[in-house]
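First up is the structure itself, then whatever we jot down about it.
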Amino acid sequence: MPVCLYKYYIRVFFIKYFLQSSKRMRLFPVLYFVSLLLYLALEVHSQDDQSGFISIDCGIPADASYTDSATNLNYVSDSGFTDAGESKTILPYYNTSGLPQQLVALRSFPQGIRNCYTLKPVQGPSNRYLIRAWFMYGNYDSKDVLPQFDIHLGVEKWDTISFSKTTSLERKEIIHVQTSEYIYGCLVNTGLGTPFISALELRYFNTEISNLYTDDFVSLQLFGRVDFGQPLESCRYKDDRHDRIWDSIDYSNSSIVYNPEETLTELDFYVPYKVMRTAIAPDNTSNPLTITWEPLNVSDQFLIYLHLAEVQTLQSNQIREFNLYLNGNLWTPNNEPVIPTNQTSVVRSSAPELPASKHEIVMQKTERSTLPPIINALEVYSVKKFLQSQTHSQDAGSIMDIKSAYKIQIENWQGDPCVPQAYAWDGVGCSYNDYNFPRITTLNLSSSRLSGKIASSIANLTMIRSLDLSNNNLSGEVPDFLSQLIFLRILNIKGNNFIGSVPSDLLSKSKSGHLLLSMDASLGGGDTNRCTSSSCKKSSNKSTIQMASLVSAFVLIIIAVIILTLVVRNRKERIKITSLETLNRQFTYSEILRITNNLEKSVGEGGFGKVYHGHIGDTQVAVKMLSATSAQGYREFETEAKLLMRIHHKNLTALVGYCMEDNHLGIIYEYMANGDLDGYLAGRKPYVLSWEQRIRIAIDAAEGFEYLHHGCRPTIIHRDVKSTNILLSENFQGKLADFGLSRVIPSEAGSHIITEVARTLGYLDPEYYASNRLTKKSDVYSFGIVLLEIITGRPARGIDDDSEHIVRWVSSRIQQGDIKVVVDSRIRETADINSVQKAVEIAMLCVSIASDNRPPMNFVATHLKECLETDFIWNETRREELIGEMSLTLESNGIDSQE
Ligand SMILES: *[C@@H]1O[C@H](CO)[C@@H](O)[C@H](O)[C@H]1NC(C)=O
Ligand SMILES: *[C@@H]1O[C@H](CO)[C@@H](O)[C@H](O)[C@H]1NC(C)=O
Ligand SMILES: *[C@@H]1O[C@H](CO)[C@@H](O)[C@H](O)[C@H]1NC(C)=O
């Protein structure tokens, strides 16, 4: 297992390193040695492996490909990666012998401001890739004017390309961390000439090589990569299996060039043997070896890698030992002089070096050293941060499918569909906010000459609000999936050749005012028995099946009727009992004192008042005494309290009764044995909730809200959602507390809400600041925060006001592409990553800044259940519970409709 070996080795090394360095001041640079054993293990599965490579020769005929004779790299045409631009070749005059074949043909982009290549490496997001672009003008357009233009990577600028002469070769290279499935390389016309590109290369960096560069989520832009002592040829694949290009530099005037003796152990794990076997030293042994460079931009921060190995056989009286200085400061591992051995080692920056107008590395031999310092190879990178997010992968994938399904040729349908905003695709509208990946919310393909069926990939545009497909030549049936798009508010399918009828769900949404549906009058609609084409086929083939299904449907209906009757009867009985038992449960203050044994045991304090433990007979209860001071508005209190007592749902703490006497207002709840959720998340209770338990609690809470928002008449907005208001029963079932309290508290006491709101800022809907109104969507926002707390185990906001808000904390981490780091470290290893991914997506949707972008609670509940399914712990017990839930919901809805 080479991988494990490597990791093991690094770990051993680091421990050793830190042990040593802890005694000393300086923590970096870090010195790596690579063991021979490791090399031997890795060597086995190396050589002609180009599986992680994409090598594109731009401008060669569509679908052409070849193997380059000099490098053995397999190049393909760019036709599969871009659909814009024109194929050109450099003038024959410049096509000299020895010119790399990739530079002969090129693709130029006279049309449009921005033109893009889209790459989708199979290794997917959260990986590091080396990306390299080549440009040689060669007067391909016979104008003999050198162009200048920008290149963008993803949605941000990467670099500017300019040329000093017709034959100058520009090569840009970056080691890039990719957070999305799609990598866009774009050429942008800045008004200084037509952009073009000669070749584009992508190399996947596996973990080993990727870790050598940096663990951070930054991209490294190549400043220089030099092979010393090799003046003639540069080195790349296959000598370098990662296809880095090591340029040769002629240092012979001032330096001794060491040609190899056969002493160096052949190691090409991270630097090719061919690169390491030559080195340079200063021509005068006592002189230092100095390397300097000036950054293009003074603020550039560099990461530096010095590759060292002894290339001579030393006599017993010879010593080669030297110190390293960077910009005047000692820069050696552990402050100890470097002694190259016959194994490759690297001295590297462990963090970006401080910016400077000029950088200088000085290598100076120590006093006892008899030989001058040497260097075999050097890499210098500038750190580049790509901060802006690309469009959500699912939306990007979906719109690209749509583009190819209809062969859409719209000039700016290139690169990322939503960002940068200035280049967003025509007809595509997106939602942008600070936290989330941009999402596609509108699509207008009116009069776009589309034909064929409605593309099924539209189903994946789950955030779409407006879809205009009017005036095309679309045919087939109007698919059912359109009614599954829960945010869809505008749908225009006029002026097409659809057959059959419109799905009844769409029609009913339209009738209830949830959807503005425009369609041709000739389209029939509302036939509930409309079947999908597949089921039609089956049943028309076998009329017996049709018969059988008719019979079974009939049987089902009868069973349903029987069950309904039973449920209804059952429900009526229960209502009778409830009304007898609770509807008049008004308690006197002296009864309250008896129940709580003179307010003996306080079990918590909420915004509305203190909570006491108590007993009514054998049943434990919690009594919340409200801090109200005036007697006015008590009649409303009574009405509301009675209303709340009639609300029953398994995920709401049940109200047992209330007290209203003099200045004493109290509410009596069922007692929840495990206290509030916050106690577990914040670690006040030692028990650690598992991932599955957390998701179940989240589902419980979401269902509670779903009921308050959609199942209750009148609708109840909680207004004070936070993890201390989610209580846990003995077996960790989650129930909402304090719902409807803002309704119950008499109006003057209502000012408590304001103070309470101020106390729990971390949960507060950002739109509240503008509107001063809390809505259902405010509850959704706060629930999103609770969900993030559940996932991360972090508080919404720390004790001190400066600590990072949980949304920022999570979003900065997911933008870096590593979803797992957001999970509470106590359960990180056991949480299923797909389930986590989904839960985080739901939470981030809930905390969208614009309330319109937040999903309704029923959506949240449904999708949280999918998290549980993904966690493959979906077992029989849960299924039974669900069946139980269904009848409960029926029951509670029934109570409301009794009004
Ligand atoms: C779609 O674009 C057409 C033409 O630009 C416009 O008339 C129509 O109103 C747009 N549809 C929507 C839903 O905005
Ligand atoms: C929707 O997206 C998922 C992955 O994001 C993909 O597997 C699926 O094939 C897509 N469905 C359609 C109809 O394009
Ligand atoms: C519309 O589509 C039908 C087939 O679906 C095709 O026969 C017809 O030529 C198309 N008409 C136009 C104007 O593209």
Side-chain angles (χ1 to χ4, degrees), residues 118 120-126 178-182 390-406 408 410-413 416-418 424-431 436-450 452-474 476-496 503 506 509-510 514-520 532-534 814 817 819 833-842 844-845 852 863 866-867 869-870:
T118 302
K120 194 181 176 196
V122 291
Q123 294 81 8
S126 301
Q178 182 59 19
T179 51
S180 147
E181 278 178 46
Y182 297 93
Q390 294 183 193
T391 302
H392 194 281
S393 283
Q394 183 182 316
D395 288 359
S398 167
I399 197 84
M400 290 208 205
D401 283 350
I402 293 168
K403 178 183 170 183
S404 70
Y406 294 123
I408 293 174
I410 299 177
E411 190 178 281
N412 82 345
W413 276 44
D416 191 278
C418 297
W425 294 8
D426 287 344
V428 174
C430 308
S431 70
N436 293 321
F437 297 100
R439 302 295 306 251
I440 293 175
T441 54
T442 68
L443 178 61
N444 189 345
L445 288 172
S446 169
S447 309
S448 301
R449 289 195 290 275
L450 313 182
K453 291 187 172 175
I454 291 190
S456 62
S457 24
I458 288 179
N460 264 354
L461 291 175
T462 47
M463 294 298 289
I464 194 136
R465 280 194 227 134
S466 160
L467 177 62
D468 191 341
L469 298 172
S470 60
N471 302 318
N472 285 298
N473 188 19
L474 293 169
E477 286 188 334
V478 179
D480 275 321
F481 65 71
L482 291 175
S483 53
Q484 313 288 319
L485 295 167
I486 62 154
F487 291 105
L488 194 63
R489 294 286 173 271
I490 299 173
L491 175 63
N492 191 345
I493 51 173
K494 263 194 175 150
N496 287 292
L506 272 182
K509 274 188 172 184
S510 153
H514 285 93
L515 178 71
L516 187 63
L517 176 64
S518 313
M519 59 176 197
D520 295 321
T532 59
S533 48
S534 55
I814 56 182
I819 201 87
I833 188 68
N834 295 316
S835 177
V836 170
Q837 173 93 35
K838 219 173 171 72
V840 171
E841 272 176 23
I842 297 167
M844 293 310 278
L845 213 51
D852 276 356
H863 284 77
E866 287 172 15
C867 289
E869 282 175 67
T870 355

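In each ligand, atom 1 is the first atom listed, and ligand 1 is the first ligand listed. When a residue number appears, it is its place in the shown sequence, counting from 1.
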**Study point:** Contact bool for atom 7 (O) of ligand 2 (protein heavy atom, d < 4.0 Å)
**Key:** no
Exercise for review: Answer yes or no for atom 2 (O) of ligand 1: protein heavy atom present at a distance under 4.0 Å?
Suggested key: yes
**Study point:** Whether N412 side chain and D426 backbone form a donor-acceptor pair below 3.5 Å
**Key:** yes
Check your understanding: Are the side chain of N472 and the backbone N or O of N496 linked by a donor-acceptor pair below 3.5 Å?
Key -> no
**Study point:** Charged N-O contact under 4.0 Å between K494 and D520
**Key:** no
**Study point:** Among I490, L516, N444, closest by any non-hydrogen atom to atom 12 (C) of ligand 1
**Key:** N444
Check your understanding: Has A459 got any heavy atom lying under 4.0 angstrom from an atom of ligand 2?
Key -> no
For [atom], grab the closest protein heavy atom and report residue, atom and distance to one decimal in Å.
{"atom": "atom 11 (N) of ligand 2", "value": "N460 ND2, 3.0 Å"}
{"atom": "atom 5 (O) of ligand 2", "value": "Q394 CG, 4.1 Å"}
{"atom": "atom 13 (C) of ligand 2", "value": "S456 O, 3.5 Å"}

Exercise for review: Using distance alone, decide if ligand 1 has a nitrogen or oxygen within less than 3.5 Å of any nitrogen or oxygen in D468.
Suggested key: yes
Exercise for review: Show your reasoning for whether side-chain hydrogen bond (donor to acceptor under 3.5 Å, both in side chains) applies to S431 and R465.
Suggested key: CA-CA 11 Å; S431 70; R465 280 194 227 134; 5.4 Å; no
Check your understanding: With no hydrogens and no angle check, do the side chains of S470 and S446 hold a donor and an acceptor under 3.5 Å apart?
Key -> yes
Review point. If you round to the nearest 0.5 Å, how far is CD1 of I399 from CG of D416?
Key: 11.0 Å
